[in-house]
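It should be emphasised that the depicted structure is a prediction, and the values quoted were computed from it without experimental measurement. One is the number of the first residue; the rest follow in order along the sequence.
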Amino acid sequence: MLGPIAIAVIITLVISIPVTAVVASNRKKSEIEGKIGSAEDKAREIIDEALKTAEAKKREGLLEVKEESIRTKNELDKEIKERRAEVQRFERRVQQKEENIDKKADSIEKKEAHLAKREEELAKQREEISKLNEQRIQELERISGLTSDQAKDYLLKIVEDEVKHETAVMIKELETRAKEEADKKAKEYVVNAIQKCAADHVSETTISVVQLPNDEMKGRIIGREGRNIRTLETLTGVDLIIDDTPEAVVLSGFDPIRREVARIALEKLIVDGRIHPARIEEMVEKAQREVEAMIKEEGEAAILEVGVHGIHPELVRLLGKMKFRTSYGQNALKHSIEVAQLSGLLAAEMGLDVRMAKRAGLLHDIGKAVDHEMEGSHIQLGAELCKKYKESATVINAVESHHGDVEPNSLIACIVQAADTISAARPGARRETLETYTSRLKQLEDISNNFKGVDKSFAIQAGREIRVMVVPEQISDSDMVLLARDISKQIEAELEYPGQIKINVIRESRVTDYAK
C-alpha cells in the first residue's frame with residue numbers, strides 16, 4: 001500500500017499537470033493574440049499605403065487621360081481647319097472653272113454664229129462662182145469652137161503624152177541609177193561567191209556501160225532462149241543492149257537507181273561466173289541493199305560536206321537518192337550541194353545566217369527525190385516534206401519560192417533563188433536538146449513580134465539577148481523604155497530559162513535624098 005506521502009505527491013502531480021497546461025495554454029494564447037494584433041496593424045498600414053498609392057496613380061491617370069484628350073482634340077481641330085481650307089480652295093477652283101467654261105461657251109456661241117454667217121456668205125460666193133464658171137465655159141466654147149468634152153479630151157491627151165514622156169524619163173533614170181548601184185553590189189557578191197565555190201561537173205547520161213572479160217560472156221548473160229537476160233531486165237526494169245558494143249553491155253534506163261542496181265548486179269554475176277535466174281535474183285537483192293546503203297552514205301556525206309546538222313534521217317536518205325536524179329544532165333545532189341555552198345557564201349557577204357542559208361539551199365530541190373513516184377511538182381512535194389519533218393518556216397518558204405511560184409518572205413529565200421540560178425546557168429552545168437533550144441528562141445521572137453510597133457526581132461547570144469527593131473513612126477524614144485519593160489515582163493511570165501535575157505530595143509531613123 002502506498003503511504004500518505006506518496007498519495008499526496010500523486011495528488012499534487014495530478015492537480016499541477018492540468019494547471020500547468022492551462023497556464024501554458026493561456027500564455028501561448030496571449031502571445032498569439034499579440035502577434036495577431038501586430039499583424040493586423042501592419043495589414044492596416046499596408047492597406048492604407050496601398051490606398052494612398054492607388055489614389056495617387058488614379059490622379060496621375062486622370063491627368064494623362066485629360067492631357068491626351070486635349071492633345072487629340074487639338075489635332076482634330078487642326079485637321080478640321082486644314083480640311084476646311086482645302087475644301088474652300090477646291091470650291092474656289094471649281095468656281096473659277098465654271099466661270100471659264102461659261103466664258104468659253106459664250107465664245108463658242110459667238111464663233112458658231114460667225115461661222116454660220118460665213119457659210120451663208122460662202123454659199124452665195126459659190127453660187128456666183130458657179131455662174132461665172134458656166135459663163136466662162138460658154139465663152140471659151142464660143143471662142144475655141146470646141147465643146148467642153150472635146151476640149152477636155154484634147155487637154156487629157158496633151159497631159160497624157162507629157163506624163164508618159166516624164167514617166168519614161170523617170171523610169172529610165174531610176175533604173176539606170178538602181179542598176180548602177182545594185183549591179184555593182186550584186187556582181188561583187190556573186191563574183192566572190194562563185195570564185196570561192198569551184199565545183200566540177202560531169203554531165204549525167206541515161207546509160208551505163210559494163211565491161212566484159214570476153215565476148216563469150218555475152219552468151220552466158222543472154223542464157224538459154226534468153227531466160228537470163230529476161231530475168232535481169234524484169235527484176236531491174238532496165239534494158240540490156242548486148243550486140244552493139246564489143247566486150248561491153250550497155251544498160252539503158254531513165255531511172256538511175258534501177259540502172260545502178262542492174263550495173264552492180266551484172267558486175268557481181270560476171271565476177272561470180274554462175275549466171276542463172278536464181279543467182280540473178282540473189283545478186284539483184286544484194287545490189288539493191290548496196291544501193292540503199294550507198295544512198296544513206298551519200299546523204300550523210302552531203303550534209304557533212306555542207307556543214308549542216310540536225311536534219312531528219314528521212315530527209316538525209318532522200319538527199320542521198322538525189323545522187324541518182326538529174327535535171328538537164330546536171331546531178332541533182334551535186335546541184336543542191338553547190339546551191340548550199342553558194343547560198344552560204346552570199347549570206348556571209350550580206351551578214352545573214354549562214355547555216356540557215358546553207359540548210360535552205362541544200363533542201364531546196366528535195367522534192368526531186370520523190371517527184372517521179374508521187375503526183376505534184378518538185379516544189380510542192382519539197383515543201384510538204386519540209387513541213388512533215390518540222391523544218392523552219394524560212395526553209396519552207398525558200399523551197400516554195402526558189403522558182404518564183406510563191407513570193408519570198410526573207411532575204412535567205414532570195415539568196416537561194418539566186419544561188420539556184422547561178423548553179424543552173426553556169427557554162428556546162430546543164431545541157432539542152434536542140435528542139436528545146438530552138439523552141440525557146442522562137443518563143444522569144446514571137447513574144448517580141450506580138451507587141452505593137454515592133455518591125456522584127458532577133459534572138460541572139462544563144463537566147464541570152466533579143467534585139468527588137470521598132471517602127472520609128474510608131475514608137476518614140478520614150479515609148480522604147482516602156483516597150484522594153486513590157487517585153488521583159490511578158491518573157492518572165494511565159495518562159496522558163498536559166499540566167500537572164502537582155503532586151504535590146506533599137507529605133508533607127510533614116511533620111512535619104514539625091515543630089516541631081
Short side-chain to backbone donor-acceptor contact, [X] and [Y], under 3.5 Å:
X    : Y    : answer
S457 : S448 : no
D455 : M469 : no
S130 : R126 : no
N450 : D446 : yes

How many angstroms lie between [atom1] in [X] and [atom2] in [Y], if you round to the nearest 0.5 Å?
X    : Y    : atom1 : atom2 : value
D365 : I379 : CG    : CD1   : 8.0 Å
T234 : I280 : OG1   : CD1   : 10.0 Å
L269 : L232 : CG    : CG    : 7.0 Å
L381 : K368 : CG    : NZ    : 12.0 Å
N397 : S392 : CG    : OG    : 9.5 Å
L318 : I366 : CG    : CD1   : 5.0 Å

Option among V505, I475, N449 that satisfies the side chain to side chain contact (heavy atoms under 4.5 Å, CB included) test with V454: N449
How would you list, by chain and number, every residue that makes a side chain to side chain contact (heavy atoms under 4.5 Å, CB included) with [X], sequence neighbours excluded?
X    : result
P313 : none
M170 : L174
A262 : T236, V238, L251

salt_bridge([X], [Y]) N-O dist < 4.0 Å:
X    : Y    : result
K268 : D272 : no
D486 : K489 : no
K387 : E384 : no
R263 : E267 : yes

Derivation and outcome, salt bridge (Lys or Arg N to Asp or Glu O under 4.0 Å), residues E282 and R279: CA-CA 5 Å; E282 181 184 345; R279 191 65 176 168; 3.1 Å; yes
Between [X] and [Y], what is the shortest heavy-atom contact and its length?
X    : Y    : result
L333 : A302 : CD1-CB, 3.9 Å
A265 : A287 : N-CB, 3.8 Å
A398 : V416 : CB-CG2, 4.2 Å
K296 : V316 : O-CG1, 4.5 Å
G382 : V399 : C-CG1, 3.8 Å
V291 : V261 : CG2-CG2, 3.6 Å

Side chains of residues 354-361: which donor-acceptor pairs under 3.5 Å do they make with residues two or more places apart or in other chains?
residue : atom : partner : partner atom : Å
K358    : NZ   : V306    : O            : 3.3
R359    : NE   : E391    : OE1          : 2.7
R359    : NH1  : H309    : O            : 2.8
R359    : NH2  : G310    : O            : 3.0
R359    : NH2  : E391    : OE2          : 3.2

Side-chain heavy-atom pair [X], [Y] within 4.5 angstrom cut-off:
X    : Y    : answer
I487 : Q490 : no
M294 : I264 : yes
I506 : V468 : no
L385 : L363 : no
I466 : K502 : no
E407 : S401 : no
N504 : E465 : yes
D477 : R507 : yes

Listed once per pair and sorted, the ring pair (Phe, Tyr, Trp, His ring centres under 6.0 Å) pairs that draw on residues 393-424, sequence neighbours left out: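 Counting only pairs at least two positions apart or across chains, the ring pair (Phe, Tyr, Trp, His ring centres under 6.0 Å) contacts touching residues 393-424 are H364-H402, H378-H402, H378-H403.
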Apply side chain to side chain contact (heavy atoms under 4.5 Å, CB included) to I303 and L362, showing your working. CA-CA 8 Å; I303 63 173; L362 185 63; 3.9 Å; yes
Test log, rule side chain to side chain contact (heavy atoms under 4.5 Å, CB included), inputs R317 and I295: CA-CA 6 Å; R317 192 183 74 83; I295 286 171; 4.0 Å; yes
Between the side chains of D479 and S476, is a donor N or O closer than 3.5 angstrom to an acceptor N or O? yes
Walk me through whether E314 and H312 qualify under side chain to side chain contact (heavy atoms under 4.5 Å, CB included). CA-CA 5 Å; E314 183 60 25; H312 194 278; 3.5 Å; yes
Decide yes or no on side chain to side chain contact (heavy atoms under 4.5 Å, CB included) for E260 and E290, but give the supporting numbers first. CA-CA 10 Å; E260 184 68 12; E290 284 188 20; over 6 Å; no
K321: which residues meet the salt bridge (charged side-chain N to carboxylate O under 4.0 Å, His left out) condition with it, sequence neighbours left out?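 By the salt bridge (charged side-chain N to carboxylate O under 4.0 Å, His left out) rule, K321 matches E373.
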